[in-house]
Each structure stands twice: as structure tokens, then as C-alpha cells.
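Contents: one structure, followed by commentary.
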Protein chains: 2
Amino acid sequence: MPRTRQPAHRHVASVTRALTLLDVLADGQEFGTNEIARRTAINASTVSRLLATLAAGGIVEHVPSTGRYRLGMRLLQLGNAVLERLDLRDIARPHLEALVEATDETATLSLPGERFAVTIDFIQSPSSVQSIARVGRPSVAHATATGKVMLAFGEIELPTGRLESFTARTITDHQALAAEVERVRRRGFGQTIGEREEGLNAIAFPVWDDQARLAAIVGVQGPAPRFGSKAMRRAVGPLGEQAAAISRGLGWRRNEAVDR
Amino acid sequence: MPRTRQPAHRHVASVTRALTLLDVLADGQEFGTNEIARRTAINASTVSRLLATLAAGGIVEHVPSTGRYRLGMRLLQLGNAVLERLDLRDIARPHLEALVEATDETATLSLPGERFAVTIDFIQSPSSVQSIARVGRPSVAHATATGKVMLAFGEIELPTGRLESFTARTITDHQALAAEVERVRRRGFGQTIGEREEGLNAIAFPVWDDQARLAAIVGVQGPAPRFGSKAMRRAVGPLGEQAAAISRGLGWRRNEAVDR
DNA sequence: GCAGCTTATTGCCTCAGGGGCAATTGCATG
DNA sequence: CATGCAATTGCCCCTGAGGCAATAAGCTGC
């Protein structure tokens, strides 16, 4: 099996355009053809034809009653195919449970991505009614504990564009972010205090694969009144332990999986 | 808001091709460019460029170590965006729980699609170790209880192509299928006995929306030794009740949602 | 280590097919 | 009833997508 020529391809414009449509639809709302055309600056006739093509593949669906389009069922299937291969989840699950047991807060497992980390599993705190985690949800790099861990330990450079502000405490300055990432690196874990969402605090630890590269990120998050600095400090120990335990689990699994 | 011209569009070929690639990748395996090219009868250079385009959008990812491609994280996000809008799930959840409580078997909730139904939620039987349900999994129309309900009560015509055989009991004859569907219609629910999978039995009921159209399908399934004909007969009552309860729930919700 | 296989990617050329415009149809609104 | 906006489609032109062949990079067996 040959390898390793880095793809620096000519892209297929119509496919790129189709993906742009999905960007618009990704927030869960329904949109009309013209609405999408306006938001993407693609000609409405083109949008109409692209949507029809995507609809034929089940990627989007046409809602007859409104004449608008939304994401289709096929995406459920595809999304789940992705989930199925993440055996990482199976390994990590008991540790997430242990974490919730120990901290009484919501525990999350995320995978580092290109620009943000993606939640692939979580266990809700028994005390939280409202869901604050969701599979597939992106963790913004500069404003979440998970994201900071990704920046600190993943092999990626810091974001260069504008840093979106979510609350008054969000780090929006590149210098400050670099310093914070350095702190995370030294301290070994990431932390946010109301930077992504008012009153939401979190800490997150890296999970390493057998090559000592960032494989995943585990985090604990909770509402400020309950999960304040004291509770966070108490949670650091258990979280670090469980993160390490998952790393060890990955090691075994990897070794088993190596077949050559 | 204008409406209702039925799209009978010219499709965009490159996008269709891109979707074909996803078909191949959908089973969860990794594939190389040439491998995919062979399976889809698309030229390898085209496949290479399409994959690069999809990879740029996060729909697939390039695994550097093997040089192959697999489905990407973005699909998690998109799949979950679909799930988020299915408030049907929230309505149905307690009823699924009640069903598991009553029958001790796995309960599923599915949405009728074009050619098959899609599982959108389920609760595992406490007695089953092995998972026999999964979100996003398609229920074949002619070989599952859920699928039969879809054929019987959805506004779609029976499949015309070859009926794939999964076990010795799978209905593969169109006449026989028509008769079975008619029986489902009269009896009010669907049933399969080892037709989709050896030793797996199931029954399924329709859920109606306020327009008396098929909105969803609830089912109960279990292994033959435990969930035999007697157990199935016992399960019919509770299943029918819960299905009706969900239909009522939908009614309320719809009425609340109507804003014009 | 070399010869010969396979695989992935890219340059180049050509022409099919995709994009844009404008016309058409269908609703909605005043 | 007139006007306006949305969605789709016919048509034409030209771009950009696809195919071929060349190239690069492994991997396999000897």
C-alpha cells in the first residue's frame, strides 16, 4: 500500500459549493433556495440544482409543505458510521462514569480537529437538568478548556484570525492567548471560567496515544455556583487520573490492534 | 412564501459522484483512492480530486499513516444537527422507557424514509448484552417489522426491484409481500420472525400525526428464545398503547407549534 | 538492493456539463 | 386585481471537470 504524497489538489468547485450549502443548513434551521443563495453568494439557479442533487442523495430533504430545505436523514447514517469506529469511546466510557461519580459534574470526551475539538461522548451530571454537552458539538479553540488543551498539546498553530468574543472574559487578544496556552502547557491542563458561556466553568486534560501524541481530551464542566474554583481544584486530581487511565487503556488497545 | 413546484431538476454530476464516494465509505471502513475508483467505476484521478475536496470540507478525512480516506468528523456535527430537530424523540422517550419496562426487550423509534425507515432513537433491553439497534441504521422495508409498517401505512408504493434475502424466512416474492403488507394493514401492526436476522423477532406499530399520516414507527425486538410468539403476543398490547400515546403527544405538540 | 508491481497525485487538453441570465410559474400580500 | 418575491427551468456560452498519461513513492519478492 503506497502512501504519503500530501494532497495539494485542485478542488472540484461544484462540490465545494455544495458543502457551502451544508454550512448554511448545519445550524438546524430550514432555508429556502433564495435565502441560501443570498447567504452564500451563489446564484439561485445553481443553489436550486445543487439542492436537488443533494436531496436525491438524502443529504438534504425538501420539505413539501414549506418548499424549503433542511438536512436529511442520510446524515444520521453517516454520522453514526463515524461514531461506530471510535472505539476510543468504549475505552473511555467507564472513566467518564468514574469522573461523574467523583465530581458530580458533566464529563466530556472530545477529539481534536483542525480548528476546534469535537465532542464525541459525554455523561451528564446527575444534578444538571439542562444539557450543556452534545455529541458533535465543536469546542472553540480559544474559549474552552478542551480547546485550550488542543492548542497546547496538539501539533497545530494558534488561530490567526479574529478571536470571537462570547462573554466579557473571553480571551480575544493573540498575545494573551499565547500566554494562556503556555500556562496550560506548563500546568498540564486547561481551564475556563465563564469564557465560553456566562457562568460555565470547565477544566480539561489531554489523553495521549502510544506515540505520546494528543489522542483525545477529557473535561469536566459545571455551572459556576456549584463548580467554582474550589470545586475545580478538587476535580483536578480525579480528572488527571482518569485521563491518564484512558491513555493507558489506549496503549493496550493500540498494541492489540497492531497486526504487522 | 411560495411553494410547491416539484423539483425535477437537472442534477450536478460532480456532486452526485461525490455522494457516490460517500456510499462506499459509509460502511465505516477506510478505502484507498483506487479502491474507491474501482467500486464506483469513476476514474481514479477524479476520485482523488473529489476526495480532496470533501476532505477540505471535513466530510472525509485523509489518514496520513495509511494514505487512505474515511468519513470525517464534520458528519458527526451534521448528523447531530439532524437529531436536534427531532423533538419527536423527546416526546417518545418516556414511552420507549415504559415499553422496555413492560416487555423487557429493546424498544426502537424510527422515521419512515424514501426506501427504508431510519432508527432515530432506541432503548436497549436490560437483558441484552449485545446491541441490536443503532441510531441511523436503516430498517429494510420488506424484511423488518418497522419496514412493513412503513409499507402498509406510509404513502409509498411497494418496492419493485429484487427483494434481497437475509435469511431463509425473508419474503422475496412481490406477491407474498403485497399479501403480507395487506395483513399488516388489517391487523394494525407489523411483525417479523427471523426475516431480517436469524433468531431476531420484532413487532412494530405506526405512530400517527395530527393529519392521520404516518409520522413514526415504534417497535420492540428481541432474540427468539426469549421473545417468542407468546412473548410477542403479550407485547402487542403495551406496544399499541404506547404508540397511541405518542400519537396523542404529537397532536398536542403540533397544535402548540402551529403559529399562524 | 534492485526490478517490477501498485497506488496516489498532478499536468495538460478537450469538450461536456455547469453556471448565469432571463423567462415562467406559483403564492402571498396589499 | 396588481405587484412582488420565491423556485424552477430553458438556453447558451465558456469554464472547469474528467480522462489520459506521466510522475512519484511505496511495497514485494528475489
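Sequence lines set the chain letters: A, B, ... in the order given, protein chains first and strands last, and positions in each chain run from 1. Since we're looking at a predicted model, the values are computed, not measured.
Salt bridge Asp23(B)/Arg74(A): present, at least one basic N to carboxylate O contact under 4.0 Å.
For Asn43(B) and dG16(D), the CG to C1' distance is 16 Å, given to the nearest whole Å. Put simply, CZ on Arg68(B) is 16 Å from P on dG26(D), counting in whole angstrom units. Taking atom CD1 of Ile42(B) as the reference point, atom P of dG19(D) lies 8 Å away to the nearest angstrom. Straight-line distance from the NE2 atom of His11(B) to the P atom of dG18(C): 11 Å, rounded to whole Å. Separating the CG atom of Leu50(A) from the P atom of dG18(C) is a distance of 10 Å, rounded to the nearest angstrom. For the pair Leu51(A) CG and dG19(C) P, the computed distance is 12 Å after rounding to whole Å.
For dA8(C), the OP1/OP2 oxygens have no side-chain nitrogen or oxygen of Arg49(B) closer than 4.0 Å. The side chain of Ser48(B) places an N or O atom within less than 4.0 Å of a non-bridging phosphate oxygen (OP1 or OP2) of dT9(C). Dashed line: the shortest gap from a side-chain N or O of Arg17(B) to OP1 or OP2 of dG18(D) is under 4.0 Å. The side chain of His62(B) places an N or O atom within less than 4.0 Å of a non-bridging phosphate oxygen (OP1 or OP2) of dT9(C). Considering only side-chain N and O atoms, Asn34(B) lies nowhere under 4.0 angstrom from the phosphate OP1 or OP2 of dT6(C). Between Tyr69(B) and dT7(C) there is no side-chain N or O to OP1 or OP2 distance below 4.0 Å.
With hydrogens and angles ignored, a donor-acceptor pair under 3.5 angstrom links the side chain of Ser45(A) to the base of dG20(C).
Donor-acceptor pairing under 3.5 Å is lacking for the side chains of Thr108(A) and Thr119(A).
Ring orientation note: the planes of Phe153(A) and Trp208(A) are nearly perpendicular, at an angle over 60° on the 30°/60° scale.
Positionally, the nearest nucleotide of DNA chain D for Phe31(A) lies more toward the 5' end than for the other of Ala13(A) and Phe31(A).
You'll find that the side chain of Thr46(A) is closest to dG20(C), out of dA6(D), dG20(C), dT10(C). When distances are taken from the side chain of Arg38(B) to each of dA17(D), dT7(C), dG19(D), the shortest belongs to dT7(C). Each of dA17(D), dT9(C), dG20(C) was ranked by its minimum atom distance to the side chain of Thr33(B); first place goes to dT9(C). For Val12(A), the listed nucleotide lying nearest its side chain is dA17(D); candidates were dA17(D), dC21(C), dG19(D).
Residues passing the ring pair (Phe, Tyr, Trp, His ring centres under 6.0 Å) test with Phe189(A), sequence neighbours excluded: Phe205(A).
A heavy-atom distance below 4.5 Å is not found between the side chains of Val218(B) and His95(B).
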